[in-house]
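Throughout, protein chains are lettered first and strands after them, A, B, ... in sequence-line order, and every chain is numbered starting at 1. If you're wondering where the values come from, they're calculated on a predicted model, not measured in any experiment. Heavy atoms only: backbone and side chains are in, while hydrogens, waters and symmetry mates are out.
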Amino acid sequence: MKDSVTATDDGLTITLADKLTFEDHTNFRDLLRLIENKEHKNCRFDLHGLQTIDSAGLGMLMIAFETAEKAGVNFQIYKPGGQVKQLLDISEFDKVMTIVS
Amino acid sequence: MNSIAPESTNNSFFPATDADEIPEVLQENAEIESTAEILEEVSINADDPDLPFQFLNRWLSLSETQRKAMTIIMSEIDLVSELVETNISDISTKFQELAKNSQIQTEQVSILADSAQNIEYQGKSIDLSEVINTIDEHLTSMIGKIIETSKHGVEVVYALDDVKNDVVKVENLIDEIESINKQTNMLALNARIEAARAGEAGLGFAVVAHEVQELARSINAMAGTMREEISGVAKGVRLGHSRIKEVANIDLSKNILVKETIRELMDCIMQQNETSTQALRSSEEISKDITKDIYGVITRLQFQDRAKQRMENINTTLQVMGESVQTFATETQQTFDINLEGRTPEDDWFKSVIKDLTLGEMRGRFLKAVFDEGDEFTEQTENTVPDLVEDNSIDDDDDIELF
């Protein structure tokens with residue numbers, strides 16, 4: 001997983017690229033801590049560059065959403081594509097969280 | 001007379017006058033005198049006093065032949081009526097069976113079309129679209145559990161990461177305890193040395209130093225036990241961490257994608273089922289139309305009753321005509337006191353009429369009725385052109401006798 005974090009007045013934007021699998025769980029936890037800090041009211045996960053995701057990756061996105069919800073941070077997944085979008089659609093993530101296509 | 005007399009030779013009502021000449025039976029070119037020839041003969045023999053009697057004799061002969069022909073025609077009409085009635089009755093029965101089977105077929109196709117949209121499951125009829133929705137719901141539920149399990153797997157890994165770190169911290173604390181205890185033990189040892197130097201005055205202090213040393217030894221033993229315990233805990237945590245990582249690392253994304261494949265397959269099944277149902281409904285409508293048409297045909301076949309009545313009326317008329325001719329012939333014979341003797345030239349006329357009949361058996365019956373020719377002739381003409389016809393010029397279409 002390649003990640004980059006951008007913090008603006010609008011909120012926190014976490015951009016993920018390449019792939020998100022279980023192997024990335026340690027790095028992902030660092031990103032979760034950024035959300036837990038409550039320094040930003042909004043958090044956007046930009047997935048437009050993410051090529052593939054596995055079931056653990058889907059679980060981590062769900063943890064990120066619940067973490068944001070617990071911290072009172074607005075959560076949003078932004079422009080997923082390809083296999084990632086397909087899995088999010090089938091798993092009906094849009095019924096739980098905001099997904100911007 | 002010239003104006004109404006036909007010039008045709010085959011169907012002339014004015015046959016040859018030469019009574020001694022016997023024409024070839026049914027020969028196509030059988031010579032029948034033309035009207036002109038007859039008139040010429042009448043003209044030449046105008047002074048002959050027997051001529052009117054000869055003509056009268058011929059008229060009587062012709063009326064006799066025609067009466068016989070009428071009789072056989074009436075017989076043929078009865079035969080045709082009976083033939084039509086029998087066959088129409090058979091055809092009507094067959095059509096009734098056909099209509100009945102067509103109705104059964106319609107009902108079966110209808111049942112098939114109805115059942116195509118449903119499946120029987122545990123004694124209940126379930127709509128196919130409902131089945132697909134149920135499968136979809138189960139798959140969605142399964143995928144939700146996969147996501148939930150994956151999430152919990154990562155959460156457990158995170159929790160065990162924390163436990164691992166806490167164990168390391170505890171181990172570090174034990175190290176610190178052991179270090180402090182080591183210093184305490186050293187201090188107690190030094191205190192005991194100093195107490196020994198102080199002699200009698202240091203006895204009490206020596207006891208205290210001894211107790212402190214024992215206490216340090218106990219703490220050391222306890223720290224050792226704690227290290228062993230925490231080492232066991234750390235081992236268990238590391239093993240659990242390793243195992244949960246293996247579980248969490250199992251990629252179930254392909255299992256999630258199966259839902260889409262199943263959905264597409266279900267859509268194909270639904271589409272195919274829809275096509276089959278439409279085809280069955282169409283077949284049902286066609287079967288209904290066929291049944292309706294068959295009943296229409298059965299209704300139309302009732303024409304036979306009307307045809308039979310008409311033929312009976314024709315026969316009645318012919319019978320009256322025949323009786324009239326017979327009465328007139330009898331009265332004529334009685335009035336002029338003449339006899340019908342010798343050759344009857346009207347045979348030629350009759351044969352020229354029947355030679356165009358295409359059915360051999362019918363032709364045979366006509367010949368038998370008029371000439372009283374035996375069954376041999378009828379049998380010969382059953383399926384072939386009569387042998388009497390030398391040049392085979394009469395078209396015998398027996399091969400069209402479909403009945």
A/Asp89: which residues meet the salt bridge (Lys or Arg N to Asp or Glu O under 4.0 Å) condition with it, sequence neighbours left out? A/Lys85

Can you tell me if B/Tyr158 has over 12 outside heavy atoms packed within less than 6.0 Å of its OH? yes

Of A/Ile53, A/Ile63, A/Leu61, the largest count of non-hydrogen pairs under 4.5 angstrom with chain B goes to A/Ile63

Do A/Phe65 and B/Lys151 have side chains that approach each other closer than 4.5 Å (heavy atoms only, starting at C-beta)? no

Starting from the C-alpha separation in whole Å, work towards a yes-or-no answer on side-chain hydrogen bond (donor to acceptor under 3.5 Å, both in side chains) for B/Glu284 and B/Ser110. CA-CA 6 Å; B/Glu284 185 185 355; B/Ser110 179; 3.2 Å; yes

Does this structure show an ion pair linking B/Glu97 with B/Lys100, if we count only N-O contacts that are shorter than 4.0 Å? no

Taking every non-hydrogen pair under 4.5 Å, which of B/Glu155, B/His152, B/Glu148 racks up the most with chain A? B/Glu155

Which residues from residues 27-47 of chain A are near chain B, with near meaning under 4.5 Å between non-hydrogen atoms? A/Phe28, A/Arg29, A/Leu32

Tell me the residues of residues 246-262 of chain B whose non-hydrogen atoms fall below 4.5 Å from those of chain A, in number order. B/Ala248, B/Asn249, B/Ile250, B/Asp251, B/Leu252, B/Ser253, B/Ile256, B/Leu257, B/Lys259, B/Glu260

Hey, does B/Val212 have a side-chain heavy atom less than 4.5 Å from the side chain of B/Leu187? no

Is a side-chain donor or acceptor of B/Asp136 paired with a backbone partner of B/Arg263 at a separation under 3.5 angstrom? no

If you draw a 6.0 Å radius around CD in B/Glu120, do more than 12 non-hydrogen atoms from other residues or ligands fall strictly inside? yes

Correct closest heavy-atom pair for A/Ser55 and B/Ser150 would be O-CB, 3.2 Å

Among residues 4-26 of chain A, residues within the sub-4.5 Å heavy-atom range of chain B, in order of number, are A/Phe22, A/Glu23, A/His25

Check B/Ser115 against B/Leu112 and note the closest heavy-atom contact, atom names and distance. OG-O, 3.0 Å

Provide the closest heavy-atom pair for B/Met270 versus B/Ser129 in the form atom of the first, atom of the second, distance. CE-CB, 3.9 Å

Return yes when atom CE of B/Met222 has more than 12 non-hydrogen atoms of other residues, nucleotides or ligands closer than 6.0 Å, and no otherwise. no

Shortest non-hydrogen contact from A/Val84 toward A/Leu50: CG2-O, 3.5 Å

Is there side-chain contact between B/Asn101 and B/Gln105, with at least one heavy-atom pair below 4.5 Å? no

